[in-house]
Amino acid sequence: MLNNRFVHERSQALARRLAHQSPLHTERIRQAWQAVIGRRPDAEELALSEQPLEQQIGNYHQLLFSTFVPYSIHNLLVLYTKKNESALV
């Protein structure tokens with residue numbers, strides 16, 4: 001059931017809607033609970049819901065830093081070197 005195309009499409013639609021409603025992750029979680037379960041989460045439920053989100057955000061930042069940043073630094077160094085070489089000529 002969870003791999004069903006309809007379930008994926010509905011979850012993506014909910015995620016897009018929540019992303020536009022609030023920039024705050026905590027508020028998005030509250031809105032998701034309200035939309036899916038019909039009530040706001042209590043403090044414990046909110047904390048438990050925030051943990052996987054924070055972990056995924058950490059994973060994303062780690063991936064971004066380990067791939068994009070070194071590549072960008074390399075490109076900047078190449079451009080800087082080329083610029084300085086042309087200034088010496």
Side-chain angles (χ1 to χ4, degrees):
M1 176 74 176
L2 294 177
N3 290 326
N4 183 294
R5 175 185 273 175
F6 175 77
V7 173
H8 282 276
E9 290 171 357
R10 295 293 75 210
S11 354
Q12 290 173 344
L14 175 62
R16 282 191 299 272
R17 189 173 83 221
L18 293 172
H20 293 292
Q21 289 179 353
S22 175
L24 305 173
H25 298 300
T26 302
E27 188 54 33
R28 287 181 186 173
I29 292 170
R30 287 186 182 113
Q31 292 170 351
W33 271 75
Q34 185 67 46
V36 174
I37 300 175
R39 65 175 177 83
R40 304 283 257 182
D42 62 28
E44 181 181 1
E45 292 166 331
L46 182 60
L48 289 171
S49 298
E50 287 174 325
Q51 288 173 359
L53 178 62
E54 290 170 5
Q55 182 178 5
Q56 288 302 315
I57 291 170
N59 291 344
Y60 173 75
H61 288 153
Q62 184 178 17
L63 177 66
L64 183 65
F65 185 75
S66 68
T67 56
F68 179 72
V69 172
Y71 178 75
S72 298
I73 291 171
H74 170 76
N75 286 343
L76 289 173
L77 289 173
V78 169
L79 290 173
Y80 178 77
T81 303
K82 286 182 181 179
K83 181 179 178 183
N84 287 335
E85 286 174 355
S86 65
L88 294 175
V89 174

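By the side-chain contact (heavy atoms from CB on, under 4.5 Å) test, Ala35 pairs with Leu14, Arg17, sequence neighbours left out. For Ala13, the side-chain contact (heavy atoms from CB on, under 4.5 Å) test picks out Arg10, Arg16, with sequence neighbours left out.
Under a 4.5 Å side-chain heavy-atom criterion applied to ILVMFWY residues, the cluster that includes Leu24 comprises that residue alone. Here Phe6 sits alone; no ILVMFWY side chain lies under 4.5 Å from its own, so it joins no hydrophobic cluster.
No path of Ile, Leu, Val, Met, Phe, Trp and Tyr side chains, each step under 4.5 Å between heavy atoms, connects Leu53 with Leu48, placing them in separate hydrophobic clusters.
Residues Arg28 and Pro23 approach most closely at NH2-CA, 3.8 Å, considering heavy atoms.
Residue pairs meeting the side-chain hydrogen bond (donor to acceptor under 3.5 Å, both in side chains) criterion with at least one member in residues 32-51, sequence neighbours excluded: Thr26-Glu50, Glu27-Arg40, Trp33-Ser49, Arg39-Glu45.
We find the OG-CG distance between Ser11 and Leu18 to be 11.0 Å, quoted to the nearest 0.5 Å.
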